[in-house]
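Since the model is a prediction, treat every value here as computed from it, not as a measurement.
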Amino acid sequence: QIEGVNDFILSYLTRKGFTKSSLTFEKEISNGPQIFGTDIMFIRKLVHEGMWDEIFHAISPLKTDPIAHRSANFIVKRQILFEKMFCENQDQLNEAEISALLLDIEKFCDEGE
């Protein structure tokens, strides 16, 4: 039952945009390190902070596994797109930038997608 409460609190902190608090809370309840390795937790922290160049640098060792690298790139670029479309100021939404992101993401999709 305590796990449900912790999950609810973590979900609330994340949804409200309290990134540092959610990461700290997650470490405190020992949810993250048990589920994810330290590399994933580091990348997750970078995502929360919007440090996209650092994320691409962190996933660059995956180039030895083309499928994993392609998948990781797709996930990161999709997240960038979501943040541009839904998290940033809608009055300043740059359609050209969104279009460029969509074309970039398309490179990582299968033909059926």
Side chain to side chain contact (heavy atoms under 4.5 Å, CB included) partners for Ile80, two or more places apart: Trp52, Phe56, Val76, Lys84, Leu101

Ala68: which residues meet the side chain to side chain contact (heavy atoms under 4.5 Å, CB included) condition with it, sequence neighbours left out?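 Testing Ala68 for side chain to side chain contact (heavy atoms under 4.5 Å, CB included), a comparison that skips the adjacent residues, returns Leu62, Asp65.
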
Identify the heavy atoms of Val47 and Gln79 that sit nearest to each other, and give their distance.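 Heavy atoms only, the tightest pair is CG1-CG, 4.1 Å.
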
Among all residues two or more places apart in sequence or in another chain, which pass the side chain to side chain donor-acceptor pair (under 3.5 Å) test with [X]?
X: Ser11; value: Arg15
X: His48; value: none
X: Lys45; value: Glu49

What distance separates Ile75 CD1 from Ile105 CD1, expressed to the nearest 0.5 Å?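 Answer for the CD1-CD1 pair, Ile75 versus Ile105, is 11.5 Å.
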
Would you compute the distance between atom CD1 of Ile43 and atom CD of Glu54 and round it to the nearest 0.5 angstrom?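 Reported value, rounded in 0.5 Å steps: 12.0 Å.
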
Is it the case that the side chain of Ser99 and the backbone of Glu95 share a donor-acceptor pair, with hydrogens and angles ignored and the cut-off at 3.5 Å?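 Yes: the side chain of Ser99 pairs with the backbone of Glu95.
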
Using atom types as modelled and distance alone, determine if a side-chain donor or acceptor of Asp104 lies under 3.5 Å from a backbone N or O of Ala100.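 Absent.
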
By salt bridge (charged side-chain N to carboxylate O under 4.0 Å, His left out), which residues pair with Lys16, not counting sequence neighbours?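 None.
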
Would you mind reporting whether Lys77 and Asn73 have side-chain heavy atoms less than 4.5 Å apart? yes

